[in-house]
Amino acid sequence: MPSPFKGKNIVLGVTGSIACYKAVDLASKMSQAGANVDVVMTESATKFVSPITFRSITHRPVVTDMFDPASELGIHHVAVAERADIVVVAPATADFIAKAANGLADDALGTTILATTAPVLMAPAMDGHMYENVATQENIERLRGRGVSFAGPASGHLASGLSGKGRLLETPELLGHIAMVLGRNGDLAGRSVVVSAGGTQEAIDPVRIITNRSSGKMGYAIAEAARDRGAQVTLVTAPTSLDNPIGVEIRQTASVAEMRDAVLGACAGADVLVMAAAVSDYRPAETASQKIKKDTDNEGLVLQLLKNEDFFPEIPEGVLRVGFAAETESLIPNAQAKLREKDLDLIAANDVNEEGSGFEVETNKVTLIDREGRIEELPLMDKYDVGHRILDRASELLRK
Ligand code: PMT
């Protein structure tokens, strides 16, 4: 499955805020991801950014006036509302939120909100005190009560010069919220999916660890893919430098023992577990309480390592179990052996020697093997797409 935006009809409502410039980037990213983006601007929004900017980015007419015969709405005043898969208002001002809460349709965007049957997502942007004002909060609650979703606002520096809650979310966060709303009725809606990610860390002393090259990208991509199919997702992660995916519950861990406890806890009542984490096979027999000093007699240092027990056998019955096998040789036989030993439903055999595949990179090449012995070799693809291919199979197995 490709990007969650591909082929989607997205109405981007833009209202008059200094944060309008961020909506340009959002429109650009959604268009690049394959969405048909119809921009509907309020009159005050056009004071901040020209409609030509949006038209140049989306290659589609921009709606600014209900009564302009050249405008698309002039032909059929609810045309864009009717074909929308989602209506996103970003930035959404306090004034526009108040209008929408009262069902006003005195401009093209208000009309679109009333006329659409698609989900509506609003991303507020305003002064902190305006956001906190009881009137704004009541308006937001009213809209929530009618099924409108809200993304943000974030806290930080505001155009007023003050700091507080009122900043429009950044583009990657907005994209996460939009993807989540678009996918909420997907094939994993109502399912609970647990994903592990990253390389575990075993402490040698307070400053040194045993870890591996896992960046967490594969596991995070699976978590996002599951979210974009409507699942409720828990991501059990070892330390990474990645941003937390929007709409995903994060359980932060470091050692194998911590990851085990978090995975087992998250698996209670879960439907699927995908273990993409690179879990350390060994840990130091002892963790020194102080930094180990360099030996002056040059004799070197011997570390005794103990084996970490596999925790797959402890996963409760009824959870569909998907594992990974990172291999540098005999890919298929080694993965088949792991599938049997760990009693998995599905395994992704991952040749980490192959160019563009495995640790740290954005892409991966895996072969999926199930209990029945079916072998499906996938081409090199984005980790997000690999995530979807794994979830396609998991979803199929769940239906069985
Ligand atoms: O994070 P990236 O940089 O994106 O890299 C992705 C990846 C290469 C780490 C990922 O695609 C991958 O292959 N992950 C599994 C790597 C691995 O450690 O495989 P393994 O063969 O050691 O373990 C097999 C399975 O048992 C894994 O699902 C592992 O999570 C699980 N396991 C391992 C040890 C243990 N004590 N308990 C476990 O449950």
Side-chain angles (χ1 to χ4, degrees), residues 193-202 210-225 235-243 245 253-267 272-283 305-316 319-369 378 380-391 394:
V193 175
V194 180
V195 182
S196 75
T200 54
Q201 299 186 347
E202 300 290 352
I210 297 175
T211 188
N212 57 68
R213 287 176 48 206
S214 172
S215 62
K217 286 178 183 169
M218 187 65 246
Y220 278 53
I222 298 167
E224 288 182 358
L235 177 61
V236 180
T237 180
T240 73
S241 60
L242 304 174
D243 290 333
T253 65
S255 66
V256 176
E258 287 171 13
M259 183 168 276
R260 170 197 170 274
D261 291 349
V263 166
L264 292 182
C267 275
V272 183
L273 166 67
V274 186
M275 284 283 294
V279 179
S280 180
D281 289 329
Y282 293 94
R283 65 182 186 279
L305 300 179
L306 299 179
K307 199 171 153 197
N308 280 327
E309 287 313 316
D310 199 328
F311 52 87
F312 258 122
E314 299 179 71
I315 303 302
V319 181
L320 190 94
R321 298 128 68 96
V322 182
F324 268 77
E327 301 294 340
T328 54
E329 58 184 347
S330 308
L331 179 68
I332 303 300
N334 282 342
Q336 283 168 326
K338 278 184 185 161
L339 179 93
R340 280 193 304 275
E341 282 160 22
K342 293 170 188 274
D343 191 23
L344 302 175
D345 296 287
L346 186 70
I347 195 159
N350 200 168
D351 185 347
V352 291
N353 271 345
E354 186 143 341
E355 182 78 26
S357 172
F359 297 104
E360 293 160 330
V361 288
E362 303 298 326
T363 49
N364 210 0
K365 184 173 185 320
V366 305
T367 299
L368 302 180
I369 308 171
L378 301 179
L380 186 71
M381 55 176 88
D382 271 2
K383 284 182 172 169
Y384 178 79
D385 293 335
V386 172
H388 273 298
R389 297 297 286 267
I390 291 170
L391 294 169

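For reference, positions follow the sequence shown, starting with 1. Both ligands and their constituent atoms are indexed starting at 1 by order of listing.
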J.: Evaluate D310 for polar contact with ligand 1, using N/O atom pairs at a separation under 3.5 Å.
T.: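 Yes, there is a polar N/O contact under 3.5 Å.
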J.: Within the distance-only criterion (no hydrogens, no angle test), does the side chain of T363 pair as donor or acceptor with the backbone N or O of D382 below 3.5 angstrom?
T.: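 Looks like no, no N/O pair under 3.5 Å.
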J.: Specify side chain, backbone, both or neither for N212, according to which of its non-hydrogen atoms lie closer than 4.0 Å to ligand 1.
T.: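 Looking at N212 and ligand 1, no heavy atom falls under 4.0 Å.
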J.: What do you reckon, is CG of D243 surrounded by more than 12 foreign heavy atoms closer than 6.0 Å?
T.: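 Check fails, neighbour count at 12 or below.
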J.: Within the distance-only criterion (no hydrogens, no angle test), does the side chain of N212 pair as donor or acceptor with the backbone N or O of S214 below 3.5 angstrom?
T.: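 Yes: the side chain of N212 pairs with the backbone of S214.
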J.: Which of the numbered atoms in ligand 1 are below 4.0 angstrom from a heavy atom of M275?
T.: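 With M275 as reference, the close atoms of ligand 1 come out as 27 (C), 28 (O), 30 (O), 38 (C), 39 (O).
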J.: Only heavy atoms count here, so choose which of K338, E309, M259 is nearest to atom 36 (N) of ligand 1.
T.: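 Result: the heavy atom closest to atom 36 (N) of ligand 1 is in E309.
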J.: Return yes when K383 approaches ligand 1 closer than 4.0 angstrom through a heavy atom, no otherwise.
T.: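 Under 4.0 Å: yes for K383.
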J.: When you look for heavy atoms under 4.0 Å from ligand 1, do you find them on the side chain of K217, its backbone, both, or neither?
T.: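 Looking at K217 and ligand 1, atoms from backbone and side chain both fall under 4.0 Å.
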J.: Are the side chain of R283 and the backbone of K307 linked by a donor-acceptor contact shorter than 3.5 Å?
T.: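 Pair found, side chain donor or acceptor close to backbone of K307.
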J.: Name the option, out of A348, A335, A326, G323, that contains the heavy atom nearest to atom 19 (O) of ligand 1.
T.: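 It is A326 whose heavy atom sits nearest to atom 19 (O) of ligand 1.
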J.: Has the side chain of D343 got a donor or acceptor atom that lies under 3.5 Å from a matching backbone atom of P313?
T.: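 Not at all, since once roles are kept as given, no pair shorter than 3.5 Å links the two residues.
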J.: Side chain, backbone, both or neither: which applies to A277 and ligand 1 if a contact is any heavy-atom pair less than 4.0 Å apart?
T.: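 Within the 4.0 Å criterion, A277 contacts ligand 1 through backbone atoms alone.
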J.: Side chain or backbone of N350 under 4.0 Å from ligand 1, or both, or neither, by non-hydrogen atoms?
T.: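 Under 4.0 Å from ligand 1, N350 contributes side-chain atoms alone.
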J.: Nearest to atom 2 (P) of ligand 1, what protein heavy atom do you find, and at what distance?
T.: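 Atom 2 (P) of ligand 1 sits closest to the protein heavy atom S215 OG, 3.4 Å.
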J.: Short list, please: which atoms of ligand 1 are under 4.0 Å from a heavy atom of G358?
T.: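 Those atoms are 5 (O), 8 (C).
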J.: L273 pairs by side-chain contact (heavy atoms from CB on, under 4.5 Å) with which of V236, L320, V319?
T.: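 Checked V236, L320, V319 against L273; only one passes side-chain contact (heavy atoms from CB on, under 4.5 Å): V319.
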J.: Could you check atom 25 (C) of ligand 1 against the protein and tell me its nearest heavy-atom contact, residue, atom and distance included?
T.: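 Checking every protein heavy atom, the shortest distance to atom 25 (C) of ligand 1 gives F324 O, 3.2 Å.
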J.: Without swapping roles, check the side chain of T200 against the backbone of A254 for a donor-acceptor pair under 3.5 Å.
T.: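 No, T200 side chain to A254 backbone: no donor-acceptor pair under 3.5 Å.
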J.: Where the side chain of R260 meets the backbone of E314, is there a donor-acceptor pair that is under 3.5 Å apart?
T.: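 No, the answer is negative, given that no donor and acceptor are paired below the 3.5 Å cut-off.
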J.: What is the minimum heavy-atom distance between A349 and A335, and which atoms define it?
T.: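 Looks like CB-CB, 3.5 Å.
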J.: Which residue from A257, A276, A221 reaches closest to atom 14 (N) of ligand 1 through any of its heavy atoms?
T.: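 Going through A257, A276, A221 one by one, A276 has the nearest heavy atom to atom 14 (N) of ligand 1.
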J.: Among all protein heavy atoms, pick out the one at the shortest distance from atom 6 (C) of ligand 1; state its residue, atom name and that distance to 0.1 Å.
T.: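 It is M218 CB, 3.6 Å.
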J.: Give a yes or no on whether the backbone of E360 and the side-chain of K217 come within a donor-acceptor separation of less than 3.5 Å.
T.: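 Yes; at least one donor-acceptor contact below 3.5 Å.
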J.: Hey, which atoms in ligand 1 end up nearer than 4.0 Å to a heavy atom of E360?
T.: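 That gives atoms 2 (P), 3 (O) of ligand 1.
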J.: For atom 33 (C) of ligand 1, what's the nearest protein heavy-atom neighbour? Residue, atom name and distance, please.
T.: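 Here the closest protein heavy atom is V279 CB, 3.6 Å.
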J.: Could you grab the distance from atom CG of L368 to atom CG of L378, nearest 0.5 Å is fine?
T.: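 It is 4.5 Å, given to the nearest 0.5 Å.
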J.: Report the nearest protein non-hydrogen atom to atom 31 (C) of ligand 1: residue, atom name, distance rounded to 0.1 Å.
T.: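 Protein heavy atom with the smallest distance to atom 31 (C) of ligand 1: F312 CE1, 3.7 Å.
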J.: Are the side chain of T240 and the backbone of G198 linked by a donor-acceptor contact shorter than 3.5 Å?
T.: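 No, T240 side chain to G198 backbone: no donor-acceptor pair under 3.5 Å.
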J.: Would G216 count as a contact of ligand 1 if the rule is a heavy atom under 4.0 Å away?
T.: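 Yes, that is the case, since the closest heavy atom of the residue is under 4.0 Å from the ligand.
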J.: For ligand 1, which atoms have a heavy atom of S214 less than 4.0 angstrom away?
T.: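 In order of number, 1 (O), 2 (P), 3 (O), 9 (C).
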J.: Tell me: protein heavy atom nearest atom 32 (N) of ligand 1, and distance?
T.: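 Its nearest protein heavy-atom neighbour is K342 NZ, 3.8 Å.
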J.: Is a side-chain N or O of N353 found less than 3.5 angstrom from the main chain of T328, in a donor-acceptor match?
T.: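 Yes; judged by distance alone, with no hydrogens or angles, the pair exists.
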J.: Which atoms from ligand 1 have a heavy atom of N364 less than 4.0 Å away?
T.: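 That gives atoms 11 (O) of ligand 1.
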J.: Among all protein heavy atoms, pick the one closest to atom 18 (O) of ligand 1 and tell me residue, atom and distance.
T.: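 For atom 18 (O) of ligand 1, the nearest protein heavy atom comes out as A278 CA, 3.4 Å.
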